[in-house]
**Q** 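So that we are looking at the same thing, I have put the structure below in structure tokens.
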Number of protein chains: 2
Amino acid sequence: MGRKSLKEIRQLEIIKVFYKVAKKEGLENTSIAKIAAVMEINPSLIIHYFKTKDELTYALIDYTLEKYLTIYRAEKGTNPPSADTLAVVIDDLFSRKWNKLFDDGLFYSCYALTFREKKVKEMYRKLTDSLRLRLTALIQRCNDAGLIEVDNPRLTADLIFALVDGAYFYLSVSANAKAFDEKIKDYKAEAYRLLGIPDVIFSS
Amino acid sequence: MGRKSLKEIRQLEIIKVFYKVAKKEGLENTSIAKIAAVMEINPSLIIHYFKTKDELTYALIDYTLEKYLTIYRAEKGTNPPSADTLAVVIDDLFSRKWNKLFDDGLFYSCYALTFREKKVKEMYRKLTDSLRLRLTALIQRCNDAGLIEVDNPRLTADLIFALVDGAYFYLSVSANAKAFDEKIKDYKAEAYRLLGIPDVIFSS
DNA sequence: ATATTAATTGAACATTTAGTCAATAAACAA
DNA sequence: TTGTTTATTGACTAAATGTTCAATTAATAT
């Protein structure tokens, strides 16, 4: 009875165009009208699928943050962890994979919303906590497998992520792509040290 | 000849109100009209002192970023450094002094502009580099005074700032004020370790 | 064919935006 | 007093903002 719903399909299309436009022009300069223009649809159609612009923004953040958890896909199902499972994860954390998942400028624009919008804050909290918990668990399992010997896995995970986030924050503003890749090695080396692993063994 | 210029005074007044409104409502929701309304002046007066809104935004960022360098005021002129000069600086870095200097939400909103506006990027680069250089110099001087023994002062400074920035990034989103103060101690302890200083001696 | 449901459009809305321009008011020097 | 310079206002603009609502079109089930 009645026409088939396109809701989820269209919503995803809209979100993807939203992302594309916001990436180029900035989150705060991306209007519903602009998105509609790119899609060659009527602006009111967007409002039809997302009742307000806020709702659309939440959807964008939700969609993009989800991607971040893919960093841990590599280690799925390998239990106990192999010798380089941890190395792959650490390498990924300090690689510029992140940039490809979610444009940095957009990421920080959304992050800034955190301070005014509880909903957004909760989304980011969920992601950051989840990432740290997963690294903690991995460190723990590597401990158990006798690969490393880390006193406080959770603390170590927190410190490693601080290095990741801190390095990104600084290098994004102070270094070009080439210098970025070069300098991030120092931060990665410190992460290895925190894990009690000689840099040489794991460096790829 | 002619009336005295109020330019600098008025500009500063406008910037301060801009900051206040943006802190409450968000950078992207702060219009010239809103600022003018708070000041009970005509919007065109703001345009008179800042030709475009962009120029006003740059002025705000410039004004606020300048404050950050005050973190190092404590160690002005003490050469060679005394025993706790370094401790004071480290404590300040990991304290929430920063929040009082520049609202965090606003800070990250402006930081996000970095990725689209070269001018803003340059401002942040200047600040972050300057902070790191000063800490490097301080570490060096503490080395020379025989207070510590750090292999690579610049690298250590970079890592310490990564811890600061990373901790702020994470704790701002995951912890309330109380938990923030509690958890940041772990990051600070790691900074002490990087400096080769027993935590106990310096903890205040 | 008909009824039903959803997709999509198009026209309109009040409000807000950054910015222009001319007019007036106030301060200062000669 | 007379210029000169700056401060400040007020009236205005064109464009853009997010939303609303009614109308139309298209697909699907009976």
Side-chain angles (χ1 to χ4, degrees), chain A residues 1-61 106 109-110 112-113 116-117 119-120, chain B residues 1-61 106 109-110 112-113 116-117 119-120:
Chain A
M1 34 145 101
R3 192 170 173 174
K4 232 193 305 183
S5 174
L6 295 177
K7 197 168 184 179
E8 287 171 23
I9 298 166
R10 275 272 176 280
Q11 283 185 327
L12 197 61
E13 284 177 8
I14 294 167
I15 289 170
K16 283 181 177 175
V17 175
F18 186 11
Y19 172 78
K20 212 172 79 179
V21 177
K23 178 178 172 175
K24 190 185 264 180
E25 314 209 18
L27 184 67
E28 66 277 13
N29 300 318
T30 305
S31 64
I32 293 173
K34 280 183 188 171
I35 301 168
V38 172
M39 299 181 73
E40 292 182 317
I41 61 172
N42 200 289
S44 47
L45 189 57
I46 294 178
I47 291 290
H48 176 244
Y49 286 114
F50 302 93
K51 285 172 193 170
T52 64
K53 208 207 169 181
D54 276 349
E55 199 175 304
L56 175 58
T57 304
Y58 296 147
L60 173 73
I61 297 175
L106 210 38
S109 286
C110 294
L113 293 180
R116 272 174 297 128
E117 311 213 20
K119 229 174 193 165
V120 179
Chain B
M1 35 143 102
R3 192 170 172 174
K4 236 194 299 182
S5 175
L6 295 176
K7 198 167 184 178
E8 287 171 23
I9 298 166
R10 276 273 176 281
Q11 283 186 327
L12 197 62
E13 283 176 9
I14 294 168
I15 289 170
K16 283 182 177 174
V17 174
F18 185 11
Y19 172 79
K20 211 172 80 180
V21 176
K23 178 178 173 175
K24 190 185 263 179
E25 314 210 17
L27 184 67
E28 67 277 15
N29 299 318
T30 305
S31 64
I32 292 172
K34 280 182 188 169
I35 301 168
V38 172
M39 298 181 74
E40 294 182 315
I41 60 170
N42 201 289
S44 46
L45 188 57
I46 294 177
I47 292 291
H48 175 244
Y49 286 113
F50 301 94
K51 284 172 193 170
T52 65
K53 207 205 171 182
D54 276 350
E55 198 176 305
L56 175 58
T57 304
Y58 296 147
L60 173 74
I61 297 175
L106 209 39
S109 285
C110 294
L113 292 180
R116 273 174 296 127
E117 312 212 22
K119 229 174 194 166
V120 180

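Note on naming: letters A, B, ... go to the chains in the order of the sequence lines (proteins, then strands), and numbering restarts at 1 for each one. Being a predicted model, the structure only gives us computed values, none of them experimental.
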**Q** Pairing donors with acceptors under 3.5 angstrom, does anything connect the side chains of A:T52 and A:D54?
**A** no
**Q** Taking the side chain as every heavy atom from C-beta outward, state whether A:K119 and A:T57 have any pair of such atoms under 4.5 Å apart.
**A** no
**Q** Calculate, to the nearest 0.5 Å, the distance between atoms CD1 and CD1 belonging to B:I15 and B:I46 respectively.
**A** 11.0 Å
**Q** Taking C-beta and beyond as the side chain, do B:F18 and B:L27 meet within less than 4.5 Å on heavy atoms?
**A** yes
**Q** What one-letter contact string describes nucleotides 1-10 of chain D from 5' to 3', where B marks a base within less than 4.0 Å of any protein heavy atom, S marks contact via sugar-phosphate atoms alone, and - marks no contact?
**A** ---BBBSBBB
**Q** Write down the distance between CD1 (A:I47) and C1' (C:dC13), rounded to a whole number of angstrom.
**A** 14 Å
**Q** With a cut-off of 6.0 Å (strictly less than), are more than 12 heavy atoms of other residues, nucleotides or ligands near NZ of B:K23?
**A** no
**Q** Taking only N and O in the side chain of A:S31, is any of them less than 4.0 Å away from OP1 or OP2 of D:dT17?
**A** yes
**Q** Do the charged groups of A:R10 and A:E13 touch, with an N to O distance under 4.0 Å?
**A** yes
**Q** Can you tell me the distance, in whole Å, between the NZ atom of B:K53 and the P atom of D:dA15?
**A** 20 Å
**Q** Can you tell me the distance, in whole Å, between the NZ atom of A:K34 and the P atom of D:dA16?
**A** 9 Å
**Q** Rounded to whole Å, how long is the line connecting atom CD of A:E28 with atom P of C:dT17?
**A** 15 Å
**Q** Between atom CG in B:N29 and atom C1' in D:dT17, what is the gap in whole Å?
**A** 12 Å
**Q** Grab the CD-C1' distance between A:E55 and D:dG18 for me, whole Å please.
**A** 14 Å
**Q** Could you state the atom-to-atom distance from CD1 of A:I35 to C1' of D:dA16 in whole Å?
**A** 14 Å
